[in-house]
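Below: one structure, written as structure tokens.
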Amino acid sequence: MMNILILGANGKIARQAEKLFLKETNDNLVYFLRNSKRLANQASERVTVIEGDATKANQIADAITKYHIDTVYANLAGPMEKFAQEIIKAMEVTDLKKLIFIASLGVHDEVPGKFGEWNNRELKDYLPPYKTAVKLITASNLNYVIIRPAWLTDKDEIDYEITNTGEPFKGTEVSRKSVASFVVKASHSSEYDRQDIGLNKPNTDGDKPSFM
Ligand SMILES: NC(=O)c1ccc[n+]([C@@H]2O[C@H](COP(=O)([O-])OP(=O)(O)OC[C@H]3O[C@@H](n4cnc5c(N)ncnc54)[C@H](OP(=O)(O)O)[C@@H]3O)[C@@H](O)[C@H]2O)c1
């Protein structure tokens, strides 16, 4: 049993991961989010819901200490570089090591071919802060697992393969439920520690995702 702090707990992948953590593990979960009233009805013996801003290291550190957190799972969108800085600061000050961090495909220019060109064009303004966040985390002493999902779908399926750092990215899409499933797996294993993993649905190669 572990205590998991979920930053951005109302995010779409996070909501899927929360269901899986509750179903498949005995972990206790702390939902850290802005406007926490939105998830207040989820509180239970295993779930604590707290108000928090992930751009504030002191708020993250307070939650880590108060709830005896073993793993931070960051499911955030917004100022990614700032999030990375503040999470690292909070984890260093509390001497916590394990971080699962959702980033994006394309941060290493690892997406090959026509899809890679299309992806770079589409994500031109979106990728730079993700790239910096990933650089900051990989340069830290944390036991991170960075996840680089393909284009996300809300399909009700768990079906994925992984690529490692330095390998060309495969496929074009992956379901949020698949990413959530990998988050639960990586939380309970040291197999992916200090790795930066691409996630895609097998056999979805193409010039762009099928739904675009
Ligand atoms: N769409 C794609 O195809 C794709 C592909 C690869 C990667 N990604 C990335 O994967 C990540 C997760 O995806 P998702 O679908 O789960 O995203 P999401 O639903 O947008 O969730 C992100 C969460 O971050 C929270 N957040 C933003 N600023 C915050 C702050 N200061 N403090 C606390 N929480 C804050 C948001 O909270 P509020 O509810 O309060 O706004 C939101 O719930 C995102 O970074 C996304 O860009 C997306």
Side-chain angles (χ1 to χ4, degrees), residues 1-11 13-15 17-18 21-22 25-40 42-43 45-104 107-108 127-149 165 179-180 182-197:
M1 189 274 285
M2 294 195 302
N3 297 324
I4 316 269
L5 177 64
I6 304 179
L7 306 179
N10 199 37
I13 298 173
R15 296 307 314 276
E18 288 152 12
F21 271 119
L22 290 173
T25 76
N26 296 321
D27 297 341
N28 294 315
L29 309 177
V30 179
Y31 296 178
F32 177 110
L33 69 159
R34 306 184 289 192
N35 191 4
S36 61
K37 285 195 294 291
R38 290 177 294 172
L39 291 186
Q42 304 286 312
E45 223 171 88
R46 291 176 57 197
V47 174
T48 305
V49 182
I50 63 171
E51 185 85 19
D53 178 347
T55 63
K56 305 260 187 299
N58 64 324
Q59 294 187 14
I60 302 171
D62 286 351
I64 290 172
T65 306
K66 181 164 180 194
Y67 299 104
H68 309 288
I69 294 300
D70 301 295
T71 295
V72 175
Y73 157 38
N75 194 101
L76 297 163
M80 298 307 288
E81 180 177 346
K82 176 79 173 161
F83 291 142
Q85 283 165 345
E86 299 297 300
I87 292 167
I88 292 167
K89 208 186 290 174
M91 292 183 70
E92 283 178 351
V93 101
T94 53
D95 200 21
L96 180 63
K97 288 281 183 261
K98 181 97 179 200
L99 170 67
I100 316 262
F101 188 89
I102 308 292
S104 172
V107 292
H108 301 301
L127 274 180
Y130 282 78
K131 289 184 181 184
T132 314
V134 165
K135 273 193 192 132
L136 291 169
I137 293 168
T138 51
S140 76
N141 288 324
L142 298 180
N143 243 348
Y144 60 81
V145 182
I146 292 168
I147 301 176
R148 292 175 279 115
T165 323
V179 181
F182 185 72
V183 167
V184 175
K185 187 176 186 192
S187 305
H188 280 265
S189 159
S190 53
E191 189 180 346
Y192 305 103
D193 284 4
R194 291 193 68 79
Q195 289 190 51
D196 179 349
I197 303 285

Answer whether the closest heavy-atom distance between the side chains of [X] and [Y] falls below 4.5 Å.
X: His108; Y: Val134; result: yes
X: Leu127; Y: Val107; result: yes
X: Leu142; Y: Phe101; result: no
X: Met1; Y: Asn3; result: yes
X: Arg46; Y: Phe21; result: no
X: Ile137; Y: Ile88; result: yes
X: Val145; Y: Val183; result: no
X: Gln59; Y: Ile50; result: no

Could you tell me whether a side-chain N or O of [X] sits under 3.5 Å from a main-chain N or O of [Y], the two making a donor and an acceptor?
X: Ser189; Y: Ala186; value: no
X: Thr165; Y: Asp196; value: yes
X: Glu81; Y: Pro129; value: no
X: Thr132; Y: Pro128; value: yes
X: Glu51; Y: Arg34; value: no

Can you measure from [atom1] ([X]) to [atom2] ([Y]) and round to the nearest 0.5 angstrom?
X: Tyr67; Y: Ile4; atom1: OH; atom2: CD1; answer: 15.5 Å
X: Tyr73; Y: Thr71; atom1: OH; atom2: OG1; answer: 12.5 Å
X: Met80; Y: Leu136; atom1: CE; atom2: CG; answer: 11.0 Å
X: Leu96; Y: Asn143; atom1: CG; atom2: CG; answer: 9.5 Å
X: Ile69; Y: Ile64; atom1: CD1; atom2: CD1; answer: 7.5 Å
X: Leu5; Y: Asn28; atom1: CG; atom2: CG; answer: 12.5 Å

Set out, in order, the CA-CA distance, both residues' side-chain angles and the distance that settles salt bridge (charged side-chain N to carboxylate O under 4.0 Å, His left out) for Glu86 and Lys89, then state yes or no. CA-CA 5 Å; Glu86 299 297 300; Lys89 208 186 290 174; 3.2 Å; yes
Could you tell me which non-hydrogen atom of [X] sits nearest to which non-hydrogen atom of [Y], and how far apart they are?
X: Phe83; Y: Ala54; answer: CD2-O, 3.5 Å
X: Tyr31; Y: Ala9; answer: CB-CB, 3.5 Å
X: Ser36; Y: Val49; answer: O-CG1, 3.7 Å
X: Ile6; Y: Ala14; answer: CG2-CB, 4.1 Å
X: Ala17; Y: Ala180; answer: N-CB, 3.4 Å
X: Pro149; Y: Val179; answer: CB-CG2, 3.9 Å

Run the side chain to side chain contact (heavy atoms under 4.5 Å, CB included) test on Lys185 and Tyr192 for me, step by step, so that the C-alpha distance in whole Å, both residues' side-chain angles and the decisive distance to 0.1 Å come before the verdict. CA-CA 9 Å; Lys185 187 176 186 192; Tyr192 305 103; 3.4 Å; yes
Pair [X] + [Y]: basic N to acidic O under 4.0 Å:
X: Asp95; Y: Lys97; answer: yes
X: Glu18; Y: Arg15; answer: yes
X: Asp193; Y: Lys98; answer: yes

Quick check on side chain to side chain contact (heavy atoms under 4.5 Å, CB included): which of Ile87, Asn75, Leu33, Ile100 does Leu7 satisfy it with?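 The option that passes is Ile87.
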